Amino acid sequence: MKLATWNVNSLGVRLPQVLDWLTANPVDVLALQELKLTDEKFPADAFTAAGYHAHWFGQKTYNGVALLSRTPATDVIKNIPGFDDDMSRVITGTVDGVRVIGAYFPNGQEPGSDKFEYKMEWLTALRRWVKEELAAHPKLVLMGDYNITFDEDDVWDPANLEGTIHCTEEERYHLRALIALGLTDSHRLFEQPAKSFSWWDYRDAGFRRNRGMRIDHILVSHALRPSVTACTIDKTPRKNERPSDHAPVVVDLVP
DNA sequence: ATGCCGGGAGATTCCCGA
């Protein structure tokens, strides 16, 4: 079983690339973030034709998430129960016995800003809810655009970016607290190339110079951890014309 | 040079992302 996450930065623009990628990488589950379109504009027919069931939770201009799967997802939930939020950031479903949470974590903009405070509140609410989901569904995957780096290995210039957004101690505390619920970072279960990133700024030739960060993660529960055989970042679509600024991350599970 | 690129809204420039 292969599961993947990809922030596509506008599904309206990126749909052809997503379909091409699925043809080349027929994963069982794909979580998408930053659809940037309303529900009625979601291209459900294109995904049906590609052999995928889809659930989506759109929003105009910003945010928006979807969950695609080869077999139908059940028990689908949108956003974080009990957390009032006017942004579409989370979609959850059970696929082939695995509870899959796809999430677009808040950016936070700048430490100390209102958006940063919202990010902290959102992270607290997410953790409370994921704890409950884990208790109910031991086989769980939490994947998406976390907008948080674990440590300096996830940052192209850690000295200069220390304490800036995605690299603050407050954000990393929340990421470690998610791990402490009983989750593991799939990426670091395996040897990875040095300076493995999942996002590169469009500006200043970020991708060509590998000036990026690893902020897209696939966390797996302890019950699934022994099943994980690989975790890779696919930089191929970042080389497309008009690419997303994020690359897909893929995890392989054996039954 | 995060005033740098790119998407969206919708207006001829802005907000936002990371």
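Letters A, B, ... are given to chains in the order of the sequence lines, protein chains preceding strands, and every chain is numbered from 1. Everything numeric here is computed off the predicted structure, so don't read it as measured data.
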Do any N or O atoms of the protein come closer than 3.5 Å to N or O atoms of nucleotides 11-16 of chain B, and which pairs are they?
none

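Contact annotation: A/Arg242 reaches the phosphate of B/dG7 (side-chain N/O to OP1 or OP2, under 4.0 Å). Checking the phosphate oxygens (OP1, OP2) of B/dG8, no side-chain nitrogen or oxygen of A/Asn9 falls inside 4.0 Å. Phosphate contact (OP1/OP2 of B/dG7, side-chain N/O of A/Arg14, threshold under 4.0 Å): present.
Ion pairing between a basic and an acidic side chain is recognised when a charged N comes within 4.0 Å of a carboxylate O; A/Lys195 and A/Asp154 show no such pairing. A salt bridge links A/Asp204 to A/Arg211: at least one charged side-chain nitrogen sits closer than 4.0 Å to a carboxylate oxygen. Between A/Asp252 and A/Lys2 there is a salt bridge, since a side-chain N of the basic residue sits under 4.0 Å from a carboxylate O of the acidic one. A salt bridge is absent between A/Arg127 and A/Glu132; no separation between the charged side-chain nitrogens and carboxylate oxygens falls under 4.0 Å.
Looking at A/Arg172 and A/Thr149, their side chains come closer than 4.5 Å, going by heavy atoms from C-beta outward. With contacts defined as side-chain heavy-atom distances shorter than 4.5 Å, the pair A/Thr5/A/His217 does not qualify.
Nearest nucleotide to the side chain of A/Tyr202, out of B/dA18, B/dG7, B/dG6: B/dG6. Comparing atom distances between the A/Thr61 side chain and each of B/dG7, B/dG8, B/dA18 picks out B/dG8 as nearest.
Among the atoms of the strands shown, none is found under 4.0 Å from any heavy atom of A/Phe197. The residue A/Asn63 sits apart from the nucleic acid: no heavy atom pair falls under 4.0 Å.
What separates CD of A/Gln59 from P of B/dG7 is a distance of 19 Å, to the nearest Å. We find that CD of A/Glu241 is positioned 17 Å from P of B/dC5, with the value rounded to whole Å.
Of the P atoms belonging to B/dC16 and B/dG10, the separation is 14 Å, rounded to the nearest Å.
Residue-to-nucleotide contacts include no donor-acceptor pair under 3.5 Å from the side chain of A/Asp201 to the base of B/dA18.
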